[in-house]
Protein chains: 2
Amino acid sequence: MSTLAIISRAIYICGMTNDASGTAGPFDNLLCFAVYAAGHAFNRVYKPLLDRLGLTYPQYLVILALRHADGQTVGALGEHLFLESNTLTPLIKRLEAAGFVQRRRDAADERVVRVHLTDQGRAAGDAAACLPPELFDSIGLPAEEIAALQQRLVTLGDNLRRSAEERD
Amino acid sequence: MSTLAIISRAIYICGMTNDASGTAGPFDNLLCFAVYAAGHAFNRVYKPLLDRLGLTYPQYLVILALRHADGQTVGALGEHLFLESNTLTPLIKRLEAAGFVQRRRDAADERVVRVHLTDQGRAAGDAAACLPPELFDSIGLPAEEIAALQQRLVTLGDNLRRSAEERD
DNA sequence: CACGATTTAATCGTGTACGATTTATTTAGG
DNA sequence: CCTAAATAAATCGTACACGATTAAATCGTG
């Protein structure tokens with residue numbers, strides 16, 4: 001590895017840049033923390049909007065996924081959301097208890113549970129799909145930057161997941 | 001608002017691009033989901049590394065913050081991590097039970113709890129601070145892009161937090 | 001056809017997040 | 001000084017995440 005690469009690692013990932021001004025925080029150069037904190041910040045903006053619909057953020061994602069393709073299995077939803085049944089099963093049961101979806105065992109394969117939107121769920125999905133414009137101002141970045149940032153994050157997520165899998 | 005701006009919102013945030021190929025996912029253009037999923041992916045890469053130290057990811061952040069400045073109050077830690085006492089108090093108690101930190105009431109102001117690293121905590125912090133180089137390959141982006149992405153995310157987080165506060 | 005391997009959800013335990021409330025302490029105004 | 005307001009943590013209830021395990025159904029091969 002080149003010296004430059006080693007230094008780059010130290011500077012951009014380790015958060016080990018010198019703090020001559022004394023104002024630097026402990027995580028100023030940590031990419032993982034920037035992602036972590038941005039996720040929390042997003043949730044804080046989304047929460048009051050989703051509260052009006054009676055949804056949490058992960059529930060909103062499930063509704064959007066079903067709006068895109070209804071009757072998906074728990075496993076298929078998990079592939080889109082990168083979650084597994086241990087998280088999704090109780091989440092979907094709460095959505096069902098609140099009247100947004102219906103869970104049905106697949107007649108052809110009784111192992112599989114398919115999730116269907118109710119009329120109430122479809123209405124919530126329509127309302128949820130209209131939220132993003134309200135968020136545009138909160139994001140506070142030009143549209144081109146939003147698109148570029150989104151793409152980088154998708155690549156980052158793909159890279160990280162591939163790396164995590166390889167360690168098995 | 002210009003037509004272009006309206007279209008941009010629809011394309012880049014709403015996830016409403018047409019899916020001619022039939023392969024698009026439901027969240028392909030959602031910035032919030034890209035952030036959310038990248039956070040999970042990061043955690044999956046970090047987890048096996050932090051398991052060896054006996055730390056969770058938020059605990060690792062607290063240890064790093066204390067390594068940067070020991071004896072911080074719960075409130076000060078919360079400002080760095082964007083968390084409050086309802087999350088931090090139990091987390092720090094678990095760190096204390098595991099022997100990484102000590103909690104002490106401030107003598108001058110008994111309301112305040114200051115958190116101090118133990119020798120074990122300092123050793124874990126030293127080991128934790130050496131993790132990032134191992135993650136560089138997992139991230140799979142050139143150093144310049146990591147730095148740029150990190151900066152954009154900090155800006156995004158700042159914008160979102162400001163927007164959330166304004167709604168109070 | 002039988003039976004072990006595989007697949008799909010569900011369950012369980014631990015640890016975050018976070019809104020709302022509570023308790024203890026300190027500060028300020030009368 | 002003495003009490004009302006303010007501040008700092010802690011507590012409580014609900015809802016994710018996720019590793020590990022379990023249970024039920026299906027598949028594959030002899």
Side-chain angles (χ1 to χ4, degrees), chain A residues 33 36-48 50-51 54-62 72-79 81-98 100 103-115 161 164-165 167-168, chain B residues 33 36-48 50-52 54-62 72-79 81-98 100 103-115 161 164 167-168:
Chain A
F33 179 71
Y36 169 84
H40 288 171
F42 247 128
N43 195 49
R44 266 199 257 168
V45 172
Y46 261 106
K47 189 155 201 322
L50 293 175
D51 276 349
L55 294 172
T56 66
Y57 181 72
Q59 289 170 1
Y60 156 78
L61 294 177
V62 168
Q72 289 186 70
T73 67
V74 173
L77 287 169
E79 279 181 28
L81 275 73
F82 304 111
L83 295 173
E84 305 193 12
S85 65
N86 52 4
T87 298
L88 282 176
T89 295
L91 188 158
I92 294 169
K93 283 187 174 177
R94 281 186 287 269
L95 278 178
E96 185 173 46
F100 294 107
R103 293 158 68 251
R104 288 184 226 143
R105 288 274 165 191
D106 189 307
D109 184 344
E110 290 278 340
R111 290 172 304 182
V112 168
V113 168
R114 293 192 174 277
V115 187
R161 274 184 294 275
E165 271 176 28
R167 261 163 229 258
D168 292 345
Chain B
F33 179 71
Y36 169 84
H40 288 171
F42 246 128
N43 194 49
R44 266 200 257 167
V45 172
Y46 261 105
K47 189 152 201 325
L50 292 175
D51 276 348
R52 298 200 295 242
L55 294 171
T56 66
Y57 181 72
Q59 290 171 359
Y60 156 80
L61 293 178
V62 168
Q72 289 184 72
T73 68
V74 173
L77 287 170
E79 280 182 26
L81 276 72
F82 305 112
L83 295 174
E84 306 192 13
S85 65
N86 51 4
T87 299
L88 281 176
T89 295
L91 187 159
I92 294 169
K93 283 187 175 177
R94 280 186 287 270
L95 278 178
E96 185 173 46
F100 292 107
R103 293 157 69 251
R104 290 184 224 143
R105 289 276 164 189
D106 188 307
D109 185 344
E110 290 278 341
R111 289 173 302 184
V112 168
V113 168
R114 293 192 175 277
V115 187
R161 273 184 295 276
R167 261 164 228 255
D168 292 346

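Please read these numbers as outputs of a predicted model, since none were measured by experiment. Lettering follows sequence order; numbering is per chain, from 1.
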Between B/Y36 and A/L61, does the side-chain contact (heavy atoms from CB on, under 4.5 Å) criterion hold? Intermediate values first, please. CA-CA 11 Å; B/Y36 169 84; A/L61 294 177; 3.6 Å; yes

Distances under 3.5 Å only, N/O to N/O: pair up the protein atoms with those of nucleotides 12-17 of chain C.
{"residue": "C/dT16", "atom": "OP1", "partner": "B/T56", "partner atom": "OG1", "Å": "2.5"}
{"residue": "C/dT16", "atom": "OP2", "partner": "B/Q59", "partner atom": "NE2", "Å": "2.6"}
{"residue": "C/dT16", "atom": "OP2", "partner": "B/R94", "partner atom": "NE", "Å": "3.0"}
{"residue": "C/dT16", "atom": "O5'", "partner": "B/R94", "partner atom": "NH2", "Å": "3.1"}
{"residue": "C/dA17", "atom": "OP2", "partner": "A/Y36", "partner atom": "OH", "Å": "2.5"}

Gap between atoms CG and C1', on B/L77 and D/dA9 respectively (whole Å): 13 Å

What's the spacing between B/R94 CZ and B/T56 OG1 if we round to 0.5 Å? 7.5 Å

Have a look at A/A76 and say if it touches a base, only the backbone sugar-phosphate, or nothing, with a 4.0 Å heavy-atom cut-off. nothing

Give the rounded distance in Å between these two atoms: CZ of A/F82 and P of D/dC16. 19 Å

Any N or O donor-acceptor pair under 3.5 Å from the base of D/dA9 to the side chain of B/T89? no

Whole angstroms only, please: what is the CZ-P distance between B/F33 and D/dA17? 11 Å

Quick one: look up who D/dG30 pairs with, Watson-Crick or G-U, both distances under 3.5 Å, and put none if it's unpaired. C/dC1

Could you give the CD-to-P distance, from B/E110 to C/dT27, as a whole number of Å? 12 Å

Looking only at heavy atoms, what is the nearest atom pair of A/Q59 and A/G54, with distance? OE1-O, 4.0 Å

Mapping A/A108 and A/S85 onto DNA chain D by nearest heavy atom, which one lands closer to the 5' end? A/S85

Plane angle bin for B/Y57 and B/Y46 - parallel if under 30°, tilted between 30 and 60°, otherwise perpendicular: tilted

Value rounded to 0.5 Å, distance of OH in B/Y60 from CZ in B/F100: 14.0 Å

Could you tell me the separation between the NZ atom of B/K47 and the C1' atom of D/dG19, rounded to a whole number of Å? 7 Å

Looking for any heavy atom pair under 4.0 Å, which part of the strands does A/R114 touch: base, sugar-phosphate only, or nothing? nothing

What is the distance, rounded to the nearest whole Å, between atom CG of B/L88 and atom P of C/dG19? 14 Å

Between C/dT26 (C1') and B/R105 (CZ): distance, integer Å: 13 Å

Within the pair A/K93 and D/dC16, is there a side-chain N or O less than 4.0 Å away from OP1 or OP2? no

Considering heavy-atom distances to DNA chain C, does A/R44 or A/T73 have its closest nucleotide positioned more toward the 5' end? A/T73

If you pin A/R103 and A/D51 to their nearest nucleotides in DNA chain C, which one's is more 5'? A/R103

Measure across B/D106 and B/A108 and return the closest heavy-atom pair with its distance rounded to 0.1 Å. OD1-N, 2.7 Å

Nearest listed nucleotide, side chain of A/V74, among D/dA24, D/dA10, C/dA9: C/dA9

Mind calculating the distance between CG (A/L61) and C1' (D/dA15) to the nearest angstrom? 14 Å

Between atom CD of B/E84 and atom CG of B/L77, what is the distance when rounded to the nearest 0.5 Å? 13.5 Å

